[in-house]
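This report refers to the structure that appears directly beneath it.
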Amino acid sequence: MAFNVTQLEGNEIVDDYIKTPVQGGRWGDTWGVFKANLGKLVLINIFVLITFVPGIVALFYRGYYIAQLGLTYPFNPSVIYPLYPDVRGLTERMYLSTDIVFYALLIASGLVASLGLSGAAYSIRKLVSTHGDFTFKTFFHGIKVGYLKTLIAVTCVAITLYGTLLCYDWMNLVLAEGGNAAGAITAFVFAVIAATFICIYCGWLFAVGNAYRIKITQIFKYAFLFMVKTPLQTVIMSAFTLVPIWIFMIGGFMQFVAYVLFILLGFSFMLISWTTFAQWVFDLYIEPSAKPVEKERPQKSEKELAIDKEEAEKRRVRELLAAGRSELIARPIKPIDAKCTISVLGETFNRADLSILSDGKSKLAADVLAYEDAHKGEASYTEYNRLFADREKALPSSNGKKGGKKKVSSDNLLR
């Protein structure tokens, strides 16, 4: 069943590149780009990792804070001897109170993380579409066109995970205190199901928002439609995209492997996997915007550039010639400068003032003639006069003979 995607057609965000046709299938083409551009993907991954530093610091300090509480709370035998108070639920309550604060900081850190994700998403889409084109300017342009939409998706995910983790802490607290945990367990199960659905939906929000220039309300609509239209493919690709996280959750030595992977290629792997899948879905339902592929102009040699410059100069002279001969172009005229000033007579003057004025005019006339003599041999004047003279000789005279006395105007020059 088809659905209306006319608002997406022609609105794809491809501001500084032209998409090239896919050779050999979308996934094979992406795998080729991935192998050939590992260095660029590592660089993009580092940019994203930098923007995740505030969130990483919040998680690290959370662990440090809990460790410090473990030293002060009555868990140590040296602290509680000879009394052994009832500490049931104390650990779980400590985790709950700590997570309320530090996981809230993760939501705030999404403001910075969205910078890296939006820039990387646009950079990777361009990298795949152009088979290797990436610059620093591309990354920052991606932030410009996709930051707000990325922030919406990241914030929704962060708030959802925040509520799910607090629900998990609450369930553990109820179980530790020996209360009726049926309600807490049910709430946690529903929270996990809702978080899974919302996070997948936010993945489509991220994909649509960074691929198309449409209103925010329309992004929510199309993200839901694409998710519903490809439910099985979306679930499978979501699991495949999160491979670095699955490796981390194994623990042990694999956790160390996951750390290395995240430093080098973790974020880039997840982004290239999800954006490629999303583009594959877009291509199924959306007509790609047709943009003419401009061929690169061959660079000319210095000799060819000199010839072009000479032809342009001749063309300019011929255009001026066609409009009629001008004394302003046919001979050099001294430009006006500070030395060309002549003394002005006041309301009252005498013979000495008249003599000064006359000398100034004579000096100015001599300067004009000297400037004309010094520059009359320049190519711009000689070429103009030569072309005009040749055209003038070729014009018929008033008595029908060439070379006779005639009137030169734009009318007869253009014949």
Side-chain angles (χ1 to χ4, degrees), residues 31 34-35 38-39 41-73 75-77 87 89-103 105-107 109-110 113 116-117 120 154 157-158 160-173 175-176 181 184-185 188-189 191-193 195-196 199-200 202-203 235-274 277:
W31 173 244
F34 183 84
K35 292 188 297 182
L38 283 176
L41 290 172
V42 170
L43 185 61
I44 293 173
N45 191 82
I46 292 174
F47 285 168
V48 178
L49 185 62
I50 292 173
T51 62
F52 271 70
V53 167
I56 296 172
V57 171
L59 291 176
F60 175 80
Y61 193 72
R62 170 187 174 273
Y64 174 78
Y65 182 74
I66 290 175
Q68 293 300 312
L69 289 179
L71 297 176
T72 57
Y73 273 48
F75 302 124
N76 194 318
V87 293
L90 184 60
T91 301
E92 289 73 17
R93 191 174 298 278
M94 177 186 67
Y95 273 98
L96 178 61
S97 60
T98 303
D99 290 345
I100 289 175
V101 176
F102 285 96
Y103 285 151
L105 293 178
L106 286 181
I107 299 176
S109 67
L117 292 174
V154 170
V157 170
T160 300
L161 294 179
Y162 179 74
T164 304
L165 291 171
L166 293 186
C167 188
Y168 174 73
D169 289 342
W170 173 55
M171 180 188 69
N172 288 335
L173 176 61
L175 289 172
I185 294 174
F188 176 67
V189 171
V192 171
I193 296 173
T196 303
C199 288
I200 293 175
C202 289
V235 172
I236 293 174
M237 280 307 304
S238 297
F240 177 75
T241 300
L242 297 177
V243 164
I245 295 179
W246 305 141
I247 296 175
F248 177 81
M249 293 178 66
I250 294 175
F253 175 76
M254 297 305 294
Q255 197 170 56
F256 172 77
V257 174
Y259 281 128
V260 176
L261 182 61
F262 269 109
I263 293 174
L264 297 179
L265 280 172
F267 295 107
S268 293
F269 172 82
M270 291 191 290
L271 286 170
I272 197 172
S273 300
W274 184 252
F277 164 68

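From a predicted model like this one, the values you see are computed outputs, not experimental measurements. All values below come from the heavy atoms of this structure, side chains included, with hydrogens, waters and symmetry mates left out. We number each residue from 1, following the sequence as shown.
Interatomic distance, CD1 of I250 versus CD1 of I245, reported as 12.5 Å (0.5 Å rounding). Between the CD1 atom in I263 and the CD1 atom in I46 there is a gap of 9.5 Å [rounded to 0.5 Å]. Atom CZ of F267 sits about 15.5 Å away from atom CD1 of I272, to the nearest 0.5 Å. Taking CZ from F47 and CG from L117, the interatomic distance works out to 14.0 Å, rounded to the nearest 0.5 Å.
Closest heavy-atom contact between C199 and V157: SG-CG1, 4.0 Å. Counting all heavy atoms, side chain and backbone alike, L106 lies closest to A58 at CD2-CB, 4.2 Å.
Within a 6.0 Å sphere centred on CZ of F102, heavy atoms belonging to other residues, nucleotides or ligands number more than 12. The 12-atom threshold is not exceeded at CE of M249, counting heavy atoms of other residues, nucleotides or ligands nearer than 6.0 Å. Within 6.0 Å of CZ on R93 lie no more than 12 heavy atoms contributed by other residues, nucleotides or ligands.
A tilted orientation is assigned to the rings of Y64 and Y61, their planes being inclined by 30° to 60°.
Here the two rings, on Y168 and F188, have centers that are under 6.0 Å apart.
No side-chain heavy atom of Q68 sits under 4.5 Å from any side-chain heavy atom of Y65. Between I66 and Y95 the shortest side-chain heavy-atom distance falls below 4.5 Å.
Considering F269, W246, F277, W274 in turn, F269 is the only one that fulfils the ring pair (Phe, Tyr, Trp, His ring centres under 6.0 Å) rule with F240.
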